[in-house]
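Proteins come first, then strands; the chains are lettered A, B, ... in the order of their sequence lines, and each starts at number 1. Keep in mind that what you see is a predicted model, and the values were worked out from it rather than measured.
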Amino acid sequence: MSIDARAIRKDFPLLSPDRAGGPVVYLDSAASSQRPRAVLDAMDDYYTTTHANVHRGVYAIAEEATRRYEAARVAVGRFVGAPKPATEIVFTKNVTEAINLVAYTWARRELRRGDVVLVSEIEHHANLVPWLMLAEERGIELRYVPLGTDYHLDLSDLDRLVDGARLVAVSAASNVLGTVVDLEPIVAAARRAGALVLADGAQLVPHRPVDLGSIGVDFFGFTGHKMLGPTGIGVLWAREELLDAMPPFLGGGEMIRDVRVDGFTTNDLPWKFEAGTPPIAEAIGLGAAVEYLDAIGLERVHEHEAALATYALDRLRDAYGDEITIFGPEPDPQRRSGVISFSFAGVHPHDVAQVLDTRGICVRAGHHCAKPLMRCLGVGATTRASLYLYNDEEDVDALVDGLAEVRDLFA
Amino acid sequence: MSIDARAIRKDFPLLSPDRAGGPVVYLDSAASSQRPRAVLDAMDDYYTTTHANVHRGVYAIAEEATRRYEAARVAVGRFVGAPKPATEIVFTKNVTEAINLVAYTWARRELRRGDVVLVSEIEHHANLVPWLMLAEERGIELRYVPLGTDYHLDLSDLDRLVDGARLVAVSAASNVLGTVVDLEPIVAAARRAGALVLADGAQLVPHRPVDLGSIGVDFFGFTGHKMLGPTGIGVLWAREELLDAMPPFLGGGEMIRDVRVDGFTTNDLPWKFEAGTPPIAEAIGLGAAVEYLDAIGLERVHEHEAALATYALDRLRDAYGDEITIFGPEPDPQRRSGVISFSFAGVHPHDVAQVLDTRGICVRAGHHCAKPLMRCLGVGATTRASLYLYNDEEDVDALVDGLAEVRDLFA
Amino acid sequence: MSGLEDLYREIILDHYRSPRNRGELPAPPAHRVEGFNPLCGDEIVVFLDVVDGVVVDLKISGQGCSISQSSASMMSAAVKGRSVEEARGLVRSFKAMMSIHEAQLGAEDGDDGPGAATPVIAPDDLGELAALQGVVKFPVRIKCATLSWNTLVQGLDELEAARA
Amino acid sequence: MSGLEDLYREIILDHYRSPRNRGELPAPPAHRVEGFNPLCGDEIVVFLDVVDGVVVDLKISGQGCSISQSSASMMSAAVKGRSVEEARGLVRSFKAMMSIHEAQLGAEDGDDGPGAATPVIAPDDLGELAALQGVVKFPVRIKCATLSWNTLVQGLDELEAARA
Ligand SMILES: Cc1ncc(COP(=O)(O)O)c(C=O)c1O
Ligand SMILES: Cc1ncc(COP(=O)(O)O)c(C=O)c1O
């Protein structure tokens, strides 16, 4: 059964035709999604009926706050098939912190000068800068899996690249190209080379079913605000043995078992990695978001987006031919997402987005936090339209029509 | 003009007499405060009308999101008298992260084996564990300003203790004792010794006017959820020159100026320290919280709490004499806050809190993330009642009456 | 919120006021093991004297609330004189009784969690210990009730590891 | 949202389509300075030839949107041939014109912000540059408009520091 995006939009106040300031055609979910009333209500209900600090309170509202917070953890863990959701899901403030956590704990303990971390040319800065910092600080070597001419990663030289690597850190899906990375051969090559694998799932988890029990990676991160959840919450998953062996990251309350004037011992998982008051309402909001997505079904979300991406790519090419250059793979339900980056008619992406904005169409223009990839593509910036479950063909049509105005203005 | 707490409670849904589950007497604001409707509304309005990722969007709702986020920064900075609110206020997820940020950046760059960090015996784990981690990792030496018999810091030996210190890291107000620390002599001694000063303002900023322009510290942190704001947001303030010289902390989007495959450069302040999508709604919520507090006036909040604390201390001592031991200074509007820790009639704090809970009275029982202080006090845990602007004498009376039931049950 | 009488049964208050097997054993020969409840600061020390697979003596020191203290006291009475096997069976049964809510709280106990092993002793046969059943209605207090039991298991594990 | 005609004045589009002083200068003797807009990825390179306190030549390369490119082009035309003092005055005037919204966005420009110095030239006397005034209604684009100006200032500062 396919998705009725118009009905779904009714759940999203910002997407209402009655929005103060006028209706918007929101095509920027790869930057941040909108959120349904159910997510806002879950947070509001928490704040207005049972907010208290978690894990330490004896009284009833503190117990209930703790229960909701930990229930959200289990719900989020199950959503991605975490084998041990109650212990392996660590809440962070965003996926950027999740990746940095691995860099500061596992990597700073394990990696020595000359050790190799293999990334790819399509990485978001969140999965590059932490490793560049380690390169500067520790002298580790960064290698890049190159981008192929088909806008997929070129894995032909993978075994040579991974040789000597201690960690392979790659996007599970690109936030620029719409490329969905085939993790299987990467995990297999890493295993052969004795390297661990970290996957940045920020652009995968919102859009497709993920099963961490079978995907074969060792570390996995994603972020709440791109999957209908609130800002201020992200997730790190890692195998329990790894989390157990890792030193703590931030020090403070909650992450300790005991503190003396001359030392401390750490708490059990996952709290060992959650220093200070956690993003309680935000975790509860994310729990409501995965419940909402589960009720619709990620398989359906995926099908909807795949069909819509194909429609969009066809319409853009039909309408604009050589005037548009699309940076991304051909339509393909399995290996391509609803993220569509392009350059248009010699007009700078900022100007494209500005003109579209006057029609209420929200697209992103810039380097999308992937400057090395921009250099690969030979551009400074692209325009990016990205699709989610609440978009439909009308939204795509609005984009196509809007581009005509862009062309006319700058011709 | 004094505060009418009953009228103020009308702004706080959780404190409504009609709360589902029954009304509560909330005496745990030192752990986390409640929040007024205005804060929830500010976040809701943001999410339902203009949510988008900040700083990169060209379209109108992204511009408005950015405007609200940065306006919140300026409002929060002004609230604490930051000389340069637009550049010196860094949003973190809580104050724990703020202190860790200083430990990971400034301290790891500056401190060498044998360097001294001076803390105090009353610190929250958030301002201890980061330094204990550095002691373990780098061999720095931790020294403690002792607690005096009057429950104030004993500064008699300060000049000797601070000798050789690079950093003095102290609470501005205790979350256990209600002690308000006199920062002036500490700052003066640190200056003489050439040490910088970090103050943990988590328990000060919610309750009293703070002026960072005159307080003389170098680093200062506080946390949103204790000052009517949402969870998931904290603040680090530091002098601009310090922030400028510090290396970045988390690596990722937003904190960079440029990224190449072999290196990166950092963004301007304060964004250099805000990697990834920030807690946008949470910052906006905190902005609304300081607006709410400003409208009432922190001076009035302070007076109200001081009077109420005196009332509470008097009533508890009158009613229970030797049965109650209060761990904290004598009533004193300047040097004592509304945090009241005690042990009662030989009953364990957990049991005290449990019995009070059946009457809807919320107090905390435990070590309050200050285990070294508990050892100083010679107890494993205390019961803690903490006051805020929405509490009044009725709440204190409920506590006093509830304790009678505790005594009867365990006698 | 249910009433306090479910939590503070008379027998619990009795063990709290007059704890059994309170004290210390010289260690060695006894084995000393500490447990913390990181949430509230309770600390418990269990002294174990295991000879030929039998817990011949056991003492408890440390501090804690009525629930953790009475649970430790009842545990000491129930375990003393039993074989290590029987003691472990008792732990499983007790934790099964406590497990419903602990699972909801996101038990960090791994293999000791619900379903890991069939309880050897049915809750009905736990004797006095059944009085602690009321604790499950107060999820935060489950940690108090299980502290001494987890500490006991840790001690038995350490002894086994040392022997191996 | 106001109309596009405020932003994309004809004169702006003209400078965008036919940028003045586009190219490079051999450096040295010219001074080369790069500017980035971290928000959108625009990069600009300004080549400065300053002799005896006068900007005798100036060229612009790099990539950017219509606003950043046309602003750079207009700047180059306005600054070329002026004294360093006059150029700095022009920068202050231009940035004063842009400053209303930049201040709201939390200007990171410190001393160059509003009120730091009285503009030497009133906005009315900015000539062609006044066409960029419409940009203030589009706060994000202010960074585009000021990029080349900030880069110019950086270059002038570097030259001064080198001389000192
Ligand atoms: C004095 C003090 N410092 C630090 C903290 C930690 O605050 P947060 O958990 O929000 O990081 C607290 C509160 O728990 C506190 O009272
Ligand atoms: C692939 C990818 N990784 C990481 C991130 C960073 O996410 P966040 O800003 O929530 O940490 C993003 C989104 O910006 C992304 O698209």
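- Of the two parts of A62(B), only the side chain, counted from C-beta on, holds a non-hydrogen atom closer than 4.5 Å to a non-hydrogen atom of chain A.
- Taking each heavy atom of P279(A) and G232(A) in turn, the nearest pair found is CB-O, 3.4 Å.
- Counting only N and O atoms by type, the side chains of T277(B) and N53(B) include a donor and acceptor under 3.5 Å apart.
- Heavy-atom distances place the side chain of L128(A), and not its backbone, under 4.5 Å from chain B.
- When each of V39(A), T223(A), D28(A), D258(A) is scored by its heavy-atom pairs under 4.5 Å with chain B, the top score falls to D258(A).
- In this structure, the portions of A52(B) lying under 4.5 Å from any heavy atom of chain A include both its backbone and its side chain.
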Next item on the list: Verify ring-ring contact (aromatic ring centres under 6.0 Å, His included) between F91(A) and Y69(A), making sure each step is shown before the conclusion.
Entry: CA-CA 10 Å; F91(A) 283 128; Y69(A) 177 67; 5.5 Å; yes
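- If you measure heavy-atom distances from M43(B) to chain A, the contacts under 4.5 Å come from the side chain alone.
- Contact count versus chain A (heavy atoms, under 4.5 Å) is highest, among M255(B), M133(B), H124(B), E64(B), for M133(B).
- Each of N100(B), V24(B), T96(B) has some count of heavy-atom pairs under 4.5 Å with chain A, and the biggest count is that of N100(B).
- The two atoms that bring R19(A) and L14(A) nearest to each other are CD-O, 3.4 Å, heavy atoms only.
- Heavy atoms closer than 4.5 Å to chain A are found in the side chain of R375(B), but not in its backbone.
- The most heavy-atom pairs under 4.5 Å with chain B, out of I61(A), V261(A), N94(A), I280(A), come from V261(A).
- Contact of V363(B) with chain A is made through the backbone alone, with heavy-atom distances under 4.5 Å.
- Residue A31(B) touches chain A through both its backbone and its side chain, counting heavy-atom pairs closer than 4.5 Å.
- The shortest heavy-atom contact between C369(A) and G253(B) is SG-CA, 3.8 Å.
- The heavy-atom pair separating Q34(A) from H51(B) by the smallest distance is NE2-O, 3.0 Å.
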Margin query: For a salt bridge (Lys or Arg N to Asp or Glu O under 4.0 Å) check, start with the C-alpha distance between R108(A) and E137(A), then their side-chain angles and the critical distance, and finish with the verdict.
Written below: CA-CA 10 Å; R108(A) 273 181 179 67; E137(A) 186 187 315; 2.7 Å; yes
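- When L356(A), T48(A), L142(A) are compared by the number of non-hydrogen pairs under 4.5 Å with chain B, T48(A) comes out ahead.
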Item checked: Candidate pair K371(B) and H125(B), rule side chain to side chain contact (heavy atoms under 4.5 Å, CB included), full reasoning -> CA-CA 8 Å; K371(B) 291 200 83 175; H125(B) 295 159; 3.6 Å; yes
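- If you measure heavy-atom distances from R35(A) to chain B, the contacts under 4.5 Å come from the side chain alone.
- Looking at N127(B), neither its backbone nor its side chain comes within 4.5 Å of chain A, counting heavy atoms on both sides.
- With chain A as partner, the option from A20(B), A126(B), A370(B) having the largest number of non-hydrogen pairs under 4.5 angstrom is A126(B).
- Among the candidates G366(A), A353(A), A275(A), A283(A), the residue making the largest number of heavy-atom pairs closer than 4.5 Å to chain B is A275(A).
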Margin query: Please determine whether side chain to side chain contact (heavy atoms under 4.5 Å, CB included) holds for the pair T382(B) and M374(B), giving the CA-CA distance in whole Å, both sets of side-chain angles, and the decisive distance to 0.1 Å.
Written below: CA-CA 8 Å; T382(B) 73; M374(B) 291 294 121; 3.9 Å; yes
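- Per-residue heavy-atom pair counts under 4.5 Å with chain A were compared for E282(B), K226(B), E97(B), and the maximum is reached by E282(B).
- A side-chain donor from one of E254(B) and H55(B) sits under 3.5 Å from a side-chain acceptor of the other.
- In this structure, chain A has a heavy atom under 4.5 Å from the backbone of S33(B), while its side chain stays farther away.
- The contact between I256(B) and chain A is made entirely by side chain atoms (from C-beta outward), counting heavy-atom distances below 4.5 Å.
- When every heavy atom of P230(A) is checked against every heavy atom of L286(A), the shortest pair comes out as CD-N, 3.6 Å.
- Across every non-hydrogen atom of A107(A) and L134(A), the tightest pair is CB-CD1, 3.5 Å.
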Next item on the list: Test D44(A) against R37(B) for salt bridge (Lys or Arg N to Asp or Glu O under 4.0 Å), laying out the working first.
Entry: CA-CA 10 Å; D44(A) 220 57; R37(B) 193 73 252 173; 3.0 Å; yes
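- Only the side chain of E136(A) comes within contact range of chain B, judged by heavy atoms closer than 4.5 Å.
- Proximity to chain A (any heavy atom under 4.5 Å) is shown, for P247(B), by neither the backbone nor the side chain.
- Chosen from V95(A), T92(A), L250(A), the residue pairing most often with chain B at heavy-atom distances under 4.5 Å is L250(A).
- At a cut-off of 3.5 Å, with distance as the only test, no side-chain donor of H225(B) or T231(B) sits close to an acceptor on the other residue.
- If you tally non-hydrogen atom pairs under 4.5 Å between each of E123(A), H367(A), H350(A) and chain B, the highest count goes to H350(A).
- Top candidate by heavy-atom pairs under 4.5 Å with chain A, chosen from G21(B), G360(B), G263(B), is G263(B).
- Heavy atoms closer than 4.5 Å to chain A are found in both the backbone and the side chain of F249(B).
- Residue Y47(B) touches chain A through both its backbone and its side chain, counting heavy-atom pairs closer than 4.5 Å.
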Check: Going through the distances and angles, do V259(A) and V129(B) end up as a side chain to side chain contact (heavy atoms under 4.5 Å, CB included)?
Finding: CA-CA 8 Å; V259(A) 179; V129(B) 180; 4.0 Å; yes
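- Formation of a donor-acceptor pair under 3.5 Å by the N175(B) side chain with backbone atoms of H368(B) is found in this model.
- Comparing W131(B), Y26(B), F12(B) by heavy-atom pairs within less than 4.5 Å of chain A, the highest count is held by Y26(B).
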